[in-house]
Amino acid sequence: QKEVEQDPGPLSVPEGAIVSLNCTYSNSAFQYFMWYRQYSRKGPELLMYTYSSGNKEDGRFTAQVDKSSKYISLFIRDSQPSDSATYLCAMSAGRGSTLGRLYFGRGTQLTVWP
Amino acid sequence: EPEVTQTPSHQVTQMGQEVILRCVPISNHLYFYWYRQILGQKVEFLVSFYNNEISEKSEIFDDQFSVERPDGSNFTLKIRSTKLEDSAMYFCASSEWPNEQYFGPGTRLTVT
């Protein structure tokens, strides 16, 4: 099943760098887009939640959705060692029988070194 | 801050045994989900539950799986006859409305 594609990395950057994480998808019915952060052997932690196209900013994090290209991004500014984790994109159609079912990317492993 | 809790954190069982994984969703949430993550693979949807019934289930969620909300706070996943391939992290999630889902810390299930 290749509905959501995400480069697994690993991605390694120095502290203070701007990080760009991306996902592509094939299902044009997806309307809701999320980014989760997952530490090793822990549950996914919701970072960002957006509906349809556009940008959303929350502190050092910015989420972008381009539905015409079926492409979503997460930018992390001024990255910190504590940002080191696996970042998962997830999305859902949000209507009908698939209400709420999330489709996840494989996750990108990020390391921020001091 | 309210959070989803899950017990146990780790469950070891023998093939063919029944296991029950327990979850306490966030108290004002109405939608409940189970997902699983096999080591090194994507997080996969199992089932969604709303208004005391299953809303949707994936192809993985076959007759050996069942879910129940036995009281006002707990949400359980039962696997009747475990197989080696059921070994995975199982995550419970809940949401106030669909899509913005909050996940628990997971139960690591090991089937030997």
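Reminder, nothing fancy here: chain letters follow the sequence lines and each chain counts from 1.
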Practice prompt. First locate atom CZ of B:Phe103, then atom CG of A:Leu88, and finally report the distance between them rounded to the nearest 0.5 Å.
Written response: 8.5 Å
Fill in: Gap between atom CG of A:Leu102 and atom CD of B:Glu44 - 0.5 Å precision
13.0 Å
Worksheet entry | Top contributor to chain B contacts, counting heavy-atom pairs under 4.5 Å, from A:Gly105, A:Pro8, A:Gly107 | A:Gly105
Worksheet item: Should the heavy atoms of other residues, nucleotides or ligands under 6.0 Å from CD of B:Gln11 be counted, would the total exceed 12?
Response: yes
Fill in: Greater than 12 external heavy atoms within 6.0 Å of B:Asp62's CG
yes
Worksheet item: In residues 86-96 of chain B, which residues are in contact with chain A at a heavy-atom separation under 4.5 Å?
Response: B:Met89, B:Phe91
Worksheet, complete the sentence: Residues at least two apart in sequence or cross-chain that pass salt bridge (charged side-chain N to carboxylate O under 4.0 Å, His left out) with B:Arg108, listed by chain then number, are none
Worksheet item: Can you list every pair that meets ring-ring contact (aromatic ring centres under 6.0 Å, His included) and has a residue in residues 40-65 of chain B, with sequence neighbours left out?
Response: B:Tyr31-B:Tyr50, B:Tyr35-B:Phe45, B:Phe49-B:Phe75, B:Phe61-B:Phe65
Within one Ile-Leu-Val-Met-Phe-Trp-Tyr cluster: [X] and [Y], side-chain cutoff 4.5 Å:
X	Y	result
B:Tyr33	B:Ile60	no
B:Tyr102	A:Phe104	yes
B:Ile20	B:Val4	no
A:Phe75	A:Leu47	no
A:Tyr87	A:Val4	yes

Worksheet item: Heavy-atom distance under 4.5 Å to chain B: side chain of A:Glu45, backbone, both or neither?
Response: neither
Item to complete: Please look at A:Phe33 and chain B and tell me whether the side chain, the backbone, both or neither of the residue comes under 4.5 angstrom of a heavy atom of that chain.
Response: neither
Fill in: Pairs meeting criterion salt bridge (Lys or Arg N to Asp or Glu O under 4.0 Å) with involvement of residues 51-73 of chain A, two or more places apart
A:Glu57-A:Arg77, A:Arg60-A:Asp83
Item to complete: Taking the side chain as every heavy atom from C-beta outward, state whether B:Gln101 and A:Tyr32 have any pair of such atoms under 4.5 Å apart.
Response: no
Response to the item:
Correct closest heavy-atom pair for A:Arg101 and B:Ser58 would be NH2-CB, 3.8 Å
Fill in: Contacting region of B:Glu3 [heavy-atom separation from chain A under 4.5 Å]
neither
